[in-house]
Participant: 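Below you'll find the structure I mean.
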Amino acid sequence: MSLYLKSTSRRNHRNIFASPSTKRSTQFSSYQSPEVKQTAQALSDKFTSKISSPVASFPKIAISKATLEALKNEADNEASYPINLYKLAGIWINSDIVMHLHANPTEEEQSNTTANNSDVLIRSIQRLHIDPDSRSKELKSALNQLEQKINSITTKVNSWEDAKIYLQEVLVLPEEAELVEEEVVPTLLNRIRSKTKLGPRSRRTKGKKTGLGLMEYRRMLEMKSKRSKLSLNLESKWSQIRHVSSKFGFRPKQEDEIKLKQEQQQPQEKKGAETAMTDWTLSPFQKFEQMLQSRIQFEEKKKLEKKLEEERLIQEERRRKEEEKKAEEARKAAMELLKPLSDEEKDRVHEALYGHGPLDEKLAVSSNDSVQRKSMQTLRPGQWLNDEVIHYFYSMLANRDEALSAATSGRKRSHFFMSFFFTKLFDEGATNQYRYQNVKRWSKKVPGKDIFALDKVFFACNVNGAHWTCAVIFMQKKKIQYFDSMSGSGTNYVQGLFQYLQDEWKAKKGGEMPDLDQWELVYGHEGDNIPQQHNGYDCGVFTCMFADFLSVDRPLSFNQTHINQCRDRIALSILNGKAIE
């Protein structure tokens with residue numbers, strides 16, 4: 001019993017993994033009758049031949065040249081040769097362009113789908129009014145035959161020529177089409193009438209005669225004639241069609257004939273790059289061409305915008321590099337100006353700022369000015385500078401300017417006013433109004449006693465006793481600018497100095513100051529690259545360094561990180577009796 005079950009299990013296992021044809025033949029072979037065996041073998045052969053047939057019987061579909069070109073483009077662009085037939089057919093089936101071109105052919109393309117096979121011509125004429133969805137489905141069905149073909153996965157397609165060979169199994173390619181001879185037309189019309197079941201007195205027409213798409217066929221012939229692809233006479237051909245159609249109860253519609261005559265009488269006129277359009281609307285293919293052209297223009301516009309954006313970025317990068325180069329040059333110049341102190345100089349500065357001694361001890365004296373130890377201690381980091389240090393440093397800048405002008409031929413002198421100038425000019429603490437008379441005699445102390453002959457005039461400004469700024473008259477450039485490390489506008493100071501110059505000219509030279517419209521007034525918030533402080537106590541240091549850098553025509557390349565070094569520089573200048581270079 002166990003031996004019988006084991007043999008049965010083995011036999012069933014072999015049958016499970018056998019092919020359908022093998023399994024059938026095995027089952028039928030178990031019969032003992034020869035007639036039964038012969039019948040079983042015949043059924044098995046029939047079943048096997050059905051499965052292994054290359055392509056099932058399916059009517060070929062005529063396609064246009066545009067559709068064929070789309071098939072070629074999809075094969076070239078989406079596939080890489082060699083490719084198996086299964087994958088290639090799938091690419092075609094999923095191509096929206098291929099399906100759109102086949103579903104919406106122009107009349108010219110429909111005429112190009114005719115072939116020497118009259119059945120293909122009849123099916124082409126019958127499909128003139130088939131809706132686009134149906135045309136797409138018929139092409140997909142044809143291509144599905146290639147995809148479902150036995151061995152399609154292992155079949156290699158090495159080139160477009162190979163692909164055309166497989167396409168010819170299910171499609172009628174435009175290259176296969178030939179012209180229809182004149183004598184075939186009567187027979188074709190007869191077969192059209194029989195296939196469409198529209199006789200001379202059809203129930204559907206209720207005794208009325210109809211064109212049955214002959215007008216469309218006439219246009220197909222006309223389009224071929226224009227492109228010199230037909231060797232026959234168009235008018236004689238049309239006359240023959242009308243004669244034969246009347247015999248079978250067909251005739252073109254009257255409005256179609258009128259429209260045809262109008263087309264022949266009115267020549268096409270070009271308007272710009274477009275030819276004159278007929279009365280009817282654009283065909284789907286023409287709409288597709290317009291959509292394609294619009295897409296091309298859109299891509300060209302995007303390409304141009306991308307190019308312009310790249311050029312803009314290149315310009316910005318070039319400008320950024322130039323700015324970095326200028327900044328580096330300014331930094332090097334600033335480092336030269338702010339050169340590190342020697343060990344001896346560092347010891348002197350440290351002793352003046354942190355050394356022991358009476359607070360009223362005078363550490364520096366020059367003419368009527370002096371600096372006491374307690375004032376020097378305001379140069380320590382984090383301290384707010386007092387007016388004694390700032391005024392004395394401006395005096396040291398004047399000493400350096402005098403030395404440089406003496407050593408440099410043709411160099412114009414500059415002058416440095418203390419903060420008391422604006423106290424008097426604006427009559428602070430009294431009327432708080434502009435008073436030129438209060439400072440009328442101050443210009444007698446400037447070098448050469450002519451303020452208009454100077455190069456620059458510097459003014460230390462104490463704003464409400466809480467903030468230090470600097471105002472500068474660039475006499476030769478005809479410019480007045482206000483420098484504020486906290487971006488204040490300084491409107492009163494700029495306009496006050498401009499009025500002071502006019503009054504000074506009138507008092508010393510007589511008349512009105514010339515070229516008033518050529519003067520430039522730059523307020524604090526309008527200046528470019530003005531160093532800014534990051535705290536509330538370094539404004540005095542910035543005021544000193546504005547005058548230090550500008551008096552020797554150096555760019556203001558210092559910033560908050562240099563301030564402690566600037567404090568040592570101011571201290572050393574006070575101790576030396578002249579601003580260091």
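Along the sequence shown, residues carry numbers from 1.
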Participant: Report the distance from atom SG of Cys544 to atom CE of Met396, rounding to the nearest 0.5 Å.
Facilitator: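 Here the interatomic distance stands at 12.0 Å.
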Participant: So, His391 versus Phe393, ring centres under 6.0 angstrom or not?
Facilitator: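 No; Phe393 has its ring centre 6.0 Å or more from that of His391.
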Participant: Quick check on the 6.0 Å ring-centre criterion: do Phe421 and Trp442 meet it?
Facilitator: yes
Participant: Is there a donor-acceptor contact under 3.5 Å linking the side chains of Asp538 and Asn535?
Facilitator: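 Note: Asp538 and Asn535 side chains meet the donor-acceptor criterion.
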Participant: State, yes or no, whether a side-chain contact exists between Glu512 and Trp505 at a heavy-atom distance under 4.5 Å.
Facilitator: no
Participant: Check whether more than 12 heavy atoms from other residues, nucleotides or ligands sit under 6.0 Å from atom NZ of Lys508, and answer yes or no.
Facilitator: yes
Participant: Nearest 0.5 Å, please: how far is OG in Ser95 from CG in Asn73?
Facilitator: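 Atom-to-atom, Asn73:CG and Ser95:OG are 9.5 Å apart.
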Participant: In sequence, state the C-alpha distance, the side-chain angles, and the governing distance for Gln377 and Leu353, and then conclude on side-chain contact (heavy atoms from CB on, under 4.5 Å).
Facilitator: CA-CA 5 Å; Gln377 290 177 355; Leu353 301 184; 5.8 Å; no
Participant: Is the count of non-hydrogen atoms from other residues, nucleotides or ligands lying under 6.0 Å from Asn368 atom CG greater than 12?
Facilitator: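 Atom CG in Asn368 is not packed in, count stays at 12 or less.
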Participant: Testing the 3.5 Å rule here: is there a donor-acceptor pair between the side chains of Ser367 and Asp369?
Facilitator: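 No, no side-chain donor-acceptor contact under 3.5 Å.
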Participant: Stepwise, does the salt bridge (Lys or Arg N to Asp or Glu O under 4.0 Å) test hold for Asp450 with Lys509?
Facilitator: CA-CA 10 Å; Asp450 185 3; Lys509 298 180 179 295; 3.5 Å; yes
Participant: Please determine whether a side-chain nitrogen of the Lys or Arg among Glu69 and Lys72 lies less than 4.0 Å from a carboxylate oxygen of the Asp or Glu.
Facilitator: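 No, no charged N to carboxylate O under 4.0 Å.
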Participant: Could you grab the distance from atom CD of Glu361 to atom CE of Met376, nearest 0.5 Å is fine?
Facilitator: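 Answer rounded to 0.5 Å: 11.0 Å.
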Participant: Using a strict threshold of under 4.0 Å (side-chain N to carboxylate O), is an ion pair present between Glu309 and Arg312?
Facilitator: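 Result for this pair is yes, salt bridge flagged.
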Participant: Measure the OG-CZ distance between Ser342 and Arg348 for me, rounded to the nearest 0.5 Å.
Facilitator: 9.0 Å
Participant: Once you measure the plane-to-plane angle for Phe422 and Tyr493, does it fall in the parallel (<30°), tilted (30-60°) or perpendicular (>60°) bin?
Facilitator: perpendicular
Participant: So Ser366 and Tyr392, side-chain contact (heavy atoms from CB on, under 4.5 Å) or not? Walk me through it.
Facilitator: CA-CA 8 Å; Ser366 175; Tyr392 198 92; 3.2 Å; yes
Participant: Could you tell me how the ring of Trp384 sits relative to the ring of Trp468: parallel (under 30°), tilted (30 to 60°) or perpendicular (over 60°)?
Facilitator: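 Plane angle between 30° and 60°, so tilted.
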Participant: Might you point out which heavy atoms bring Phe452 and Met513 nearest each other, and give the distance in Å?
Facilitator: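 It is CE2-SD, 3.9 Å.
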Participant: Please report the interatomic distance NZ(Lys307) to CD(Glu300), rounded to the nearest 0.5 Å.
Facilitator: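 If I round to the nearest 0.5 Å, the distance is 12.5 Å.
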Participant: Counting only heavy atoms from other residues, nucleotides and ligands, does the tally under 6.0 Å from CD of Glu344 exceed 12?
Facilitator: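 Atom CD in Glu344 is not packed in, count stays at 12 or less.
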Participant: Which atoms form the tightest heavy-atom contact between Ala66 and Leu101, and what is the distance?
Facilitator: O-CD1, 3.6 Å
Participant: Taking atom types as modelled and ignoring hydrogens, do the side chains of Gln315 and Arg318 form a donor-acceptor contact shorter than 3.5 angstrom?
Facilitator: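 Arg318 and Gln315 do have a side-chain donor-acceptor pair below 3.5 Å.
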Participant: Between the side chain of Ser405 and the main-chain N/O of Glu402, is any donor-acceptor distance below 3.5 Å?
Facilitator: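 Not confirmed, Ser405 side chain does not pair with Glu402 backbone.
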Participant: His525 and Ser489: which non-hydrogen atoms are nearest, and at how many Å?
Facilitator: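 Shortest heavy-atom contact: ND1-CB, 3.3 Å.
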Participant: Is the shortest side-chain heavy-atom distance between Val457 and Val472 below 4.5 Å?
Facilitator: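 A side-chain contact under 4.5 Å is absent here.
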Participant: Below 6.0 angstrom between ring centroids: does that apply to Tyr523 and Tyr482?
Facilitator: no
Participant: Would you say that more than 12 heavy atoms from the other residues, nucleotides or ligands in this model lie under 6.0 Å from the NZ of Lys440, or not?
Facilitator: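 Atom NZ in Lys440 is not packed in, count stays at 12 or less.
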Participant: Can a donor-acceptor pair be found, under 3.5 Å and without considering hydrogens, that links the side chain of Thr469 to the backbone of Asp484?
Facilitator: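 Here the side-chain-to-backbone pair does not exist.
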Participant: Around Phe498, counting heavy atoms of other residues, nucleotides and ligands shown, do more than 12 lie under 6.0 Å from its CZ?
Facilitator: yes
Participant: Go through the side-chain N and O atoms of Asn576 and Arg400 and say whether any donor and acceptor fall under 3.5 Å apart.
Facilitator: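 Not at all, the side chains of Asn576 and Arg400 share no donor-acceptor pair under 3.5 Å.
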Participant: Measure from the side-chain N and O atoms of Ser573 to the backbone N and O of Ile580, and report whether any donor-acceptor pair falls under 3.5 Å.
Facilitator: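 Such a contact is found between Ser573 side chain and Ile580 backbone.
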Participant: For the side chain to side chain donor-acceptor pair (under 3.5 Å) test, which of Arg411, Lys456, Lys578 pairs with Asp401?
Facilitator: Arg411
Participant: From Ser414 OG over to Asp553 CG, what is the distance, rounded to the nearest 0.5 angstrom?
Facilitator: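 If I round to the nearest 0.5 Å, the distance is 8.0 Å.
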Participant: Please lay out, stage by stage, how Arg567 and Ile570 fare under the test side-chain contact (heavy atoms from CB on, under 4.5 Å).
Facilitator: CA-CA 5 Å; Arg567 287 176 177 269; Ile570 295 171; 5.7 Å; no
Participant: Taking atom types as modelled, is there a side-chain donor on Gln499 or Asp503 under 3.5 Å from an acceptor on the other?
Facilitator: yes
Participant: Tell me whether the count of non-hydrogen atoms from other residues, nucleotides or ligands lying under 6.0 Å of CG in Asn158 goes above 12.
Facilitator: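 Counting neighbours around CG of Asn158, more than 12 heavy atoms of other residues, nucleotides or ligands fall under 6.0 Å, so yes.
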Participant: Taking the side chain as C-beta and beyond, is there a heavy-atom pair between Leu425 and Asn438 under 4.5 Å?
Facilitator: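 When only atoms from C-beta onward are counted, Asn438 and Leu425 do not touch, as no gap falls below 4.5 Å.
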Participant: So do Lys346 and Val349 actually touch side chain to side chain, heavy atoms under 4.5 Å?
Facilitator: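 No, side chains not in contact.
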Participant: What class does the angle between the rings of Phe546 and Phe558 fall in, given that below 30° is parallel, 30 to 60° is tilted and above 60° is perpendicular?
Facilitator: tilted
Participant: Counting only heavy atoms from other residues, nucleotides and ligands, does the tally under 6.0 Å from CZ of Arg320 exceed 12?
Facilitator: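 It does: Arg320 CZ has more than 12 such atoms within range.
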Participant: Provide the closest heavy-atom pair for Glu74 versus Ile91 in the form atom of the first, atom of the second, distance.
Facilitator: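 Heavy atoms of Glu74 and Ile91 come nearest at O-CG2, 4.1 Å.
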Participant: Check whether any side-chain heavy atom of Ile83 lies under 4.5 Å from a side-chain heavy atom of Lys156, and answer yes or no.
Facilitator: no
Participant: Are the side chains of Asn559 and Gln532 in touch, meaning some heavy atoms are under 4.5 Å apart?
Facilitator: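 No, every pair of side-chain atoms sits at 4.5 Å or beyond.
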Participant: Say whether, by atom type as modelled, one donor and one acceptor occur between the side chain of Arg373 and the main chain of Lys362 under 3.5 angstrom.
Facilitator: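 No, the answer is negative, given that no donor and acceptor are paired below the 3.5 Å cut-off.
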Participant: Under the 3.5 angstrom rule, does the side chain of Tyr354 hit a backbone N or O of Arg380 as a donor-acceptor pair?
Facilitator: no
Participant: Do Lys374 and Asp360 have side chains that get closer than 4.5 Å, going by heavy atoms?
Facilitator: no
Participant: For Met418 versus Ser395, what's the shortest heavy-atom pair and its separation?
Facilitator: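 Scanning both residues completely, I find the closest heavy atoms to be CE-OG, 3.3 Å.
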Participant: Does Phe459 reach the side chain of Leu497, with side-chain heavy atoms less than 4.5 Å apart?
Facilitator: yes
Participant: Heavy-atom count check: over 12 atoms from other residues, nucleotides or ligands less than 6.0 Å from Lys477 NZ?
Facilitator: no
Participant: Quick one: which of Ile93, Val157, Leu71 gives a side-chain contact (heavy atoms from CB on, under 4.5 Å) with Leu88?
Facilitator: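 The residue from Ile93, Val157, Leu71 that satisfies side-chain contact (heavy atoms from CB on, under 4.5 Å) with Leu88 turns out to be Val157.
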Participant: Quiz question: by atom type and distance under 3.5 Å, do the side chains of Tyr436 and Glu504 form a donor-acceptor pair?
Facilitator: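 The criterion, which ignores hydrogens and geometry beyond distance, is satisfied for Glu504 and Tyr436.
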Participant: Set out, in order, the CA-CA distance, both residues' side-chain angles and the distance that settles side-chain contact (heavy atoms from CB on, under 4.5 Å) for Gln372 and Leu359, then state yes or no.
Facilitator: CA-CA 7 Å; Gln372 298 179 353; Leu359 294 179; over 6 Å; no
Participant: Where the side chain of Asn84 meets the backbone of Lys87, is there a donor-acceptor pair that is under 3.5 Å apart?
Facilitator: yes
Participant: Shortest non-hydrogen contact from Glu388 to Ser370?
Facilitator: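 So the two residues come closest at OE2-O, 2.7 Å.
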Participant: When you compare the side chains of Asn386 and Ser375, does any donor N or O come within less than 3.5 Å of an acceptor on the partner?
Facilitator: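 Side chains of Asn386 and Ser375: pair found under 3.5 Å.
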Participant: Give me the one residue out of Lys303, Lys301, Arg295 that meets salt bridge (charged side-chain N to carboxylate O under 4.0 Å, His left out) with Glu299.
Facilitator: Arg295
